[in-house]
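Have a look at the structure below, then the notes.
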Protein chains: 2
Amino acid sequence: MKKEKKYTYDYERPALATDTVIFGFDGAQVKVLLTQREREPFKNKWALPGGFVFMEETTEQAAKRLLQEKAGLRNVYIEQLYTFSEVDRDPRERIVAVAYYALVNAHQYEVSAGRDTLKTEWFGLSELPKLAFDHARIIRVAIERLKGKVSYQPVGFELLNEKFTLPQLQTLYEAILEMPIDKRNFRKKILSTGLLFPLEEKEKNVAHKAARYYSFDKRMYKELTKKGFHFEL
Amino acid sequence: MKKEKKYTYDYERPALATDTVIFGFDGAQVKVLLTQREREPFKNKWALPGGFVFMEETTEQAAKRLLQEKAGLRNVYIEQLYTFSEVDRDPRERIVAVAYYALVNAHQYEVSAGRDTLKTEWFGLSELPKLAFDHARIIRVAIERLKGKVSYQPVGFELLNEKFTLPQLQTLYEAILEMPIDKRNFRKKILSTGLLFPLEEKEKNVAHKAARYYSFDKRMYKELTKKGFHFEL
DNA sequence: AACAAAAGTGTATTTTTTACACTAAGAATG
DNA sequence: CATTCTTAGTGTAAAAAATACACTTTTGTT
């Protein structure tokens, strides 16, 4: 990019950053991935992975880049959440943050986490530590968004393995919505969408009846969506 | 604000702007308020009212300020829409836009519009002119959002007078959702929310049976919302 | 007085949602 | 190898919500 200052306007500019709320699911709880800050301000406090947006990338590209840099995550489902622009949200200077939320398979992730140098950790939604900046607020907004989204978009599948059982899926929905769901009604409804495919395979080494695995056809879902289909739970 | 350059980082920064999609309703059609650009780029093209964000204001404050400056609008219902950050969305330089959408009473507005110096005009959604920048896309996103929002939040009332008839309200919903709605079922449902209050007053000077006016109690709605109530159409 | 035009009203049918309890399968135990 | 433990898996009836649908009323105009 050119370094000449032939700006359209020459007001001082806020810095532009992204922060991402990374959701995961450990089979029982919805969790958020946080990184511990190495320097001031908020040294040693936990924070959302984020950073500044470069001139030659969109905010979404920045969020994805930073997810990889800070948490070793690639190819994750990511969606814009909200832009936070309170004047004093960063004590150093004016920073406007375009927040994103990501849904990742926590199991898959734990493998590649070792590579990264920063300290990162999963926290259950009810066990969040004190957070830096306005990140607690960002997480609250993200949880609300996730709750709303889950019932009219099949986002839940991003949080599970490619093969999953219906009890797993139900537990996930219960965790996100924070309410119990009737087993029979849940199955009826989720199967009636026609988006879940039963596999031959079943669970192994469980001390009870083994549950059947299912898979979700993302490609077919996208096709159907184009044709006006609407998922709804 | 200080002018010293003690920045946390010294990358070049994108400029930060807001653009607002202003929705109105003329009794038959949903419309968008556009301003004609006075200078390059896109001179004489129509565009969303917008402008740069100052250092001492949030993006929402900026959007509201610009609504007043560019269209003479005060106290409007405004909500964040999405942040657009394509690198080349402005031919001059990198500008990231936090877009908002506003719902205004178009009748009320037409009175105060005269004061403003800029040329502004309402356009029906199906008669939009060629637009500057990526503003056509922003409007598309805003329409989608409005469609989604209308059925689980009583936003429609922002577009009408304080007193309105049920046929007016129905026409508005039909215009937003772009589908016909059954009169009896619509009345049943909207009245069952308990948020509409019949007034004594009726229409005058209409060449047919006069419709009763109703009002919507915004205050009560907010109260109920806090107590867990959920509007739904 | 007759007409035109839109407001206002109720019911029956269909669809969707909800509530609910037992049998089946697999591993662990004695 | 029989018993026990634990969770998977299944159907139906009742209640609630959504839908389809046609005539009477009111007001101004001719």
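In this text the structure is predicted, and so the values were computed from the model without any measurement.
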Item to check | Minimum-distance nucleotide to A:Lys189 side chain [options: D:dA18, C:dA27, C:dT17] | outcome: C:dT17
Checklist entry - Can you find a donor-acceptor pair, distance only, under 3.5 Å between A:Asn205 side chain and C:dA27 base? => result no
Next on the checklist: What is the distance, to the nearest angstrom, from the CG atom on B:Leu233 to the C1' atom on D:dA18?
Outcome noted: 12 Å
Checklist entry - Of A:Asp182 and A:His208, whose nearest nucleotide on DNA chain C comes first from the 5' end? => result A:Asp182
Checklist entry - Is it true that A:Phe25 and A:Phe23 have ring centroids separated by less than 6.0 Å? => result no
Checklist outcome for this item: Sorted by position of nearest nucleotide on DNA chain D, 5' first, the leading residue of B:Lys209 and A:Tyr214 is A:Tyr214
Item to check | Interatomic distance, B:Lys204 NZ vs D:dT29 C1' [rounded to whole Å] | outcome: 20 Å
Checklist entry - Does C:dA7 have OP1 or OP2 sitting under 4.0 Å from an N or O in the side chain of B:Lys183? => result no
Checklist entry - Is it true that A:Phe133 and A:Phe42 have ring centroids separated by less than 6.0 Å? => result yes
Checklist entry - Given D:dG11, C:dA7, D:dG9, which nucleotide is nearest the side-chain atoms of A:Asn185? => result D:dG11
Item to check | For atom CD of B:Gln168 and atom P of C:dA6, their distance in whole Å | outcome: 14 Å
Checklist entry - How long is the line joining NZ of B:Lys188 and C1' of D:dA18, in whole Å? => result 8 Å
Item to check | Full working for side-chain hydrogen bond (donor to acceptor under 3.5 Å, both in side chains) between A:Ser151 and A:Tyr173 | outcome: CA-CA 9 Å; A:Ser151 44; A:Tyr173 272 79; over 6 Å; no
Checklist outcome for this item: B:Lys202 NZ to D:dT25 P, in whole Å, measures 14 Å
Item to check | Rounded interatomic separation in angstrom, taking CZ from A:Arg187 and P from C:dT18 | outcome: 18 Å
Item to check | Residues A:Arg219 and A:Glu223 bridged, charged N to O under 4.0 Å | outcome: no
Item to check | Side-chain donor/acceptor contact of A:Arg184 with base of C:dA21 under 3.5 Å | outcome: yes
Checklist entry - Just how far, in rounded Å, is P of D:dA20 from CE of B:Met179? => result 11 Å
Item to check | Nearest-angstrom distance from the residue atom CG of B:Leu191 to P of C:dG10 | outcome: 12 Å
Next on the checklist: Is any side-chain heavy atom of B:Val141 closer than 4.5 Å to one of B:Leu81?
Outcome noted: yes
